[in-house]
Amino acid sequence: MNPTIFNTLTRKKETLAPAVAGEPFKMYCCGPTVYGPAHIGNFRTFAVQDVLRRILEESGMKVVHVRNITDVDDKTIRSSRAEGVSLKEFTLKWERKFHEDCGKLGLLVPTVEPRATEHIAEQIAMVEELVKSGHAYATPDGSVYFKISTFPEYGELSGLDKSSLKTQNVNSAGEANSADEYERDSVSDFALWKGRKPEDGDNFWKSPWGEGRPGWHIECSAMAAKYLGKSFDLHGGGIDLCFPHHENEIAQSRCSLHVDTPARFWFHSAHLMVEGQKMSKSLGNLYTLDDLAAKGFTPMQIRFALIAGHYRQQLNFTFKGLEDAKSALSKMQKSLTALLDALKISKEDFAKFVHAGARFEGTDFEPAWNSLCDDVNVPKALGEIFSAFADKSARKTLADIEAFGGLMYALGLDVFADAHDEVIEEAPEEIRALAQERWQAKKDKNFAAADALRGKIEAAGWQVFDTKEGFNLKKI
RNA sequence: GGCGUGGUAGCCAAGUGGUAAGGCAAGGCUCUGCAAAAGCUUUAUUCGUCGGUUCGAUUCCGACCCACGCCUCCA
């Protein structure tokens, strides 16, 4: 079954396949601006893209996945200068942190992860072509702007009316857009190249228009074209990038590369709310992986929570939701363990089934796979996974286990991850002595004393629970 | 103002012109001295409101109410 997605460009659900049969599926996803730790909102988008890539691979396609690193912009320059370190040193630090977090969340490493600063020449070449073909103009301050009036299709992706953009003089925050700051012909013309300013410090490059740096949008167009060709299969990003970023990319790529469209499919994921509110610094709800780890949540639980809602639906990220994810993951682990035991398959052998290319036809997990192929419907697929486990009438076979392994690959879930990572903390000597004392009291049927001792142990921060031949201690 | 999305049980969340998946939580039962854990099980006459189309609508149409997103900071 071929996967489908909702294509923002056509506003229809469409079947995904490479443009040319037999070629890899080429996808470009807008990556992070590395000026600080990425938050869960960023990771929702990357996790959804990761699931999409895994579904494509699971369905038998080879995927070339390009995700850029934006290592030059206002924020990176400002922050690096504030810290008194070079832009390179600053961005590399946050790039490493980003990669570390991606690894924890089980995100597959992109095929290519190009940095904007290492593709200045490509960006300049693209801007030059735009100037040459009359789609861009330079201003006296050494900047270059894209002239939107030369591109009638502008606004096609986001459905925004170009004429209204032109007259837009106030942004959503009610602030006046500084129309004359850069001497633009039109307020909606966007920067391809920014002339050097004092606050850029020593972060500038030479160009035909003088010293400066690339604009926000040109890097993606240039790098996508370099690594995936003038026209590739899919372009993804958060919904906020639909306009203006992707709209601008389309304008740049079409006008400089002279193609019908840079990407056939456009894939946008909805934003995240936190406890019912928009994420923002002022509300203090911009959680990072480290913030959540400090509260005791594991990356796998976070991944589950991030993908458990449909990607085109705004997700309300809550601590309750994280607890739910934890329980659901644990239930999945128990169900799988019982199944593996019944079929005498070890966890190690099961791990070998977690790969691309599983067969789903005729298995109990076929409905779940079909749901994933239907516009990445993860919530439906999860429901069908639990239903399949609950259905005892169908006796599971090795084929079912293999299919489940395929689903785990597609979702990027490792149900045993937290079990592996869980450190069985050894209780201190005095706690163990108390527990031993309680065990003896219990054996002597002195239950009042046993319960009193349990209270003492719990007060000390440990929980005791009995097994057939003894007791276990767990830190609360 | 323009464009767009959504309102389904206590919470999260699928779904369909033919009578509501799943997860969490909660209750009951089994097990246990009691717990914990585990297993089994129960829980929406109803899908924002009001109309319309239809044999039949949560699903289609219209109006309204509410929430949210984008309209050059944002994943």
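In what follows, chains are A, B, ... by sequence order, proteins preceding strands, each numbered from 1.
- As rounded to whole Å, 10 Å separates atom P of A35(B) from atom CG of Asp451(A).
- Residue-level contact check: Gly383(A) touches the bases, meaning some heavy atom is under 4.0 Å from a base atom.
- When each of Leu315(A) and Arg312(A) is assigned the nucleotide of RNA chain B bearing its nearest heavy atom, the one mapping closer to the 5' terminus is Arg312(A).
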Task: Residues Asn68(A), Glu219(A); criterion side chain to side chain donor-acceptor pair (under 3.5 Å); working and verdict - done: CA-CA 9 Å; Asn68(A) 65 293; Glu219(A) 58 167 297; 3.1 Å; yes
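- Partners of Asn316(A) according to the side-chain hydrogen bond (donor to acceptor under 3.5 Å, both in side chains) rule, which considers only residues two or more places apart in sequence or in another chain, do not exist here.
- By the 4.0 Å N-to-carboxylate-O rule, Arg454(A) lies close enough to Asp451(A) to be salt-bridged with it.
- Using a 4.0 Å heavy-atom cutoff across all strands shown, Ile239(A) reaches no nucleic acid atom at all.
- As the counterpart of C24(B), G10(B) is assigned, both hydrogen-bonding distances of the Watson-Crick or G-U wobble pattern falling under 3.5 Å.
- Rounding to whole angstrom units, CZ of residue Phe471(A) and P of A35(B) are separated by 21 Å.
- Here the nucleotide nearest the side chain of Trp216(A), chosen from U72(B), G6(B), A75(B), is U72(B).
- Within 6.0 Å of atom NZ in Lys104(A), more than 12 heavy atoms from other residues, nucleotides or ligands are found, so the atom counts as buried in its surroundings.
- Proximity note for Gln314(A) (side chain, C-beta onward) versus G69(B), C34(B), C70(B): the nearest is G69(B).
- A36(B) atom C1' lies 16 Å from atom CH2 of Trp462(A), rounded to whole Å.
- For Trp439(A) and A36(B), the CH2 to P distance is 17 Å, given to the nearest whole Å.
- In this structure, Gln313(A) places its CD atom 9 Å from P of G15(B), rounding to the nearest Å.
- Scanning atom types as modelled, no donor and acceptor separated by under 3.5 angstrom connect the side chain of Asp240(A) and the base of G69(B).
- Checked by atom type, the side-chain pair His39(A)/Thr288(A) shows no donor-acceptor distance below 3.5 Å.
- With P as the reference atom, A9(B) and U46(B) are 12 Å apart, rounded to whole Å.
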Review item, nucleotides 23-26 of chain B N/O atoms under 3.5 Å of protein N/O:
| unit_1 | atom_1 | unit_2 | atom_2 | d |
| --- | --- | --- | --- | --- |
| G23(B) | OP1 | Lys331(A) | NZ | 2.9 |
| G23(B) | N2 | Asp324(A) | OD2 | 3.4 |
| C24(B) | O2' | Lys320(A) | NZ | 3.4 |
| C24(B) | O2' | Asp324(A) | OD1 | 2.2 |
| C24(B) | O2 | Lys320(A) | NZ | 3.3 |

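- Side-chain contact check for Asp233(A) and Tyr28(A): no donor-acceptor pair (N or O, by modelled atom type) lies under 3.5 Å.
- Atom CG in Asp74(A) sits about 10 Å away from atom P in C73(B), given to the nearest Å.
- Of the C1' atoms belonging to G15(B) and G22(B), the separation is 11 Å, rounded to the nearest Å.
- C68(B): Watson-Crick or G-U partner is G4(B), with both key distances under 3.5 Å.
- Both Ala381(A) and Lys334(A) lie near RNA chain B, and the one whose nearest nucleotide falls closer to the 5' end is Ala381(A).
- The CG atom of Leu306(A) sits 13 Å away from the P atom of A13(B) (whole-angstrom rounding).
- Rounded to whole Å, the C1' atom of A13(B) lies 30 Å from the corresponding atom of U54(B).
- Separating the C1' atom of A21(B) from that of U53(B) is a span of 29 Å, rounded to the nearest Å.
- Side-chain proximity of Gln463(A) to A14(B), A36(B), C34(B): nearest is A36(B).
- By the 5.5 Å and 30° criteria, His271(A) is not stacked with the base of G69(B).
- Gly237(A) comes within 4.0 angstrom of the backbone, heavy atoms only, and of no base.
- Across all strands shown, C29(B) is found opposite G39(B) as a Watson-Crick or G-U wobble partner, with both distances under 3.5 Å.
- If you measure from atom CG of Asp101(A) to atom C1' of A75(B), you get 14 Å, rounded to the nearest angstrom.
- The residue from Lys12(A), Arg312(A), Lys13(A) that alone fulfils the salt bridge (Lys or Arg N to Asp or Glu O under 4.0 Å) condition with Asp375(A) is Arg312(A).
- In a base pair of the Watson-Crick type (N1 to N3 plus N6-O4 or O6-N4) or a G-U wobble (N1-O2 and O6-N3), with each distance short of 3.5 Å, U45(B) is matched with no nucleotide.
- Side-chain contact, Tyr227(A) with His65(A): no donor N or O sits under 3.5 Å from an acceptor N or O.
- Nucleotides C65(B) and U49(B), compared at atom P, are 15 Å apart to the nearest Å.
- Look at Lys278(A) and you'll find a side-chain N or O under 4.0 angstrom from OP1 or OP2 of C70(B).
- Base contact: Arg438(A) has a heavy atom under 4.0 Å from a base atom.
- Taking only side-chain nitrogens and oxygens, Asn377(A) comes nearer than 4.0 Å to OP1 or OP2 of G15(B).
- Contacts of His310(A) with the nucleic acid, taken as non-hydrogen atoms under 4.0 Å apart, involve only primed sugar atoms and P, OP1 or OP2.
- Counting distance only, with no hydrogens placed and no angle test, the side-chain atoms of Asn316(A) and the base atoms of C68(B) include no donor-acceptor pair under 3.5 Å.
- Of the nucleotides present, none pairs with G56(B) by Watson-Crick or G-U wobble criteria with both distances under 3.5 Å.
- Using atom P as the reference point in both A20(B) and G4(B), the two lie 34 Å apart (nearest Å).
- In plain terms, the two heavy atoms of Gly159(A) and Arg11(A) that are nearest each other are N-NH2, 3.6 Å.
- Distance noted for atom P between C64(B) and C3(B): 14 Å (whole Å).
- Here the side chain of Phe465(A) is nearest to one of A75(B), G33(B), A35(B), namely A35(B).
- Residues satisfying the side-chain hydrogen bond (donor to acceptor under 3.5 Å, both in side chains) test with Lys320(A), not counting sequence neighbours, are Asp324(A).
- Base pairing of C50(B) is made with G62(B), judged by Watson-Crick or G-U wobble geometry with both donor-acceptor distances under 3.5 Å.
- Distance noted for atom C1' between C12(B) and G6(B): 15 Å (whole Å).
- Within 4.0 Å (heavy atoms only), Lys442(A) reaches at least one base atom of the nucleic acid.
- Side-chain N or O atoms of Glu83(A) include none that pairs as donor or acceptor with a backbone N or O of Ser79(A) at under 3.5 Å.
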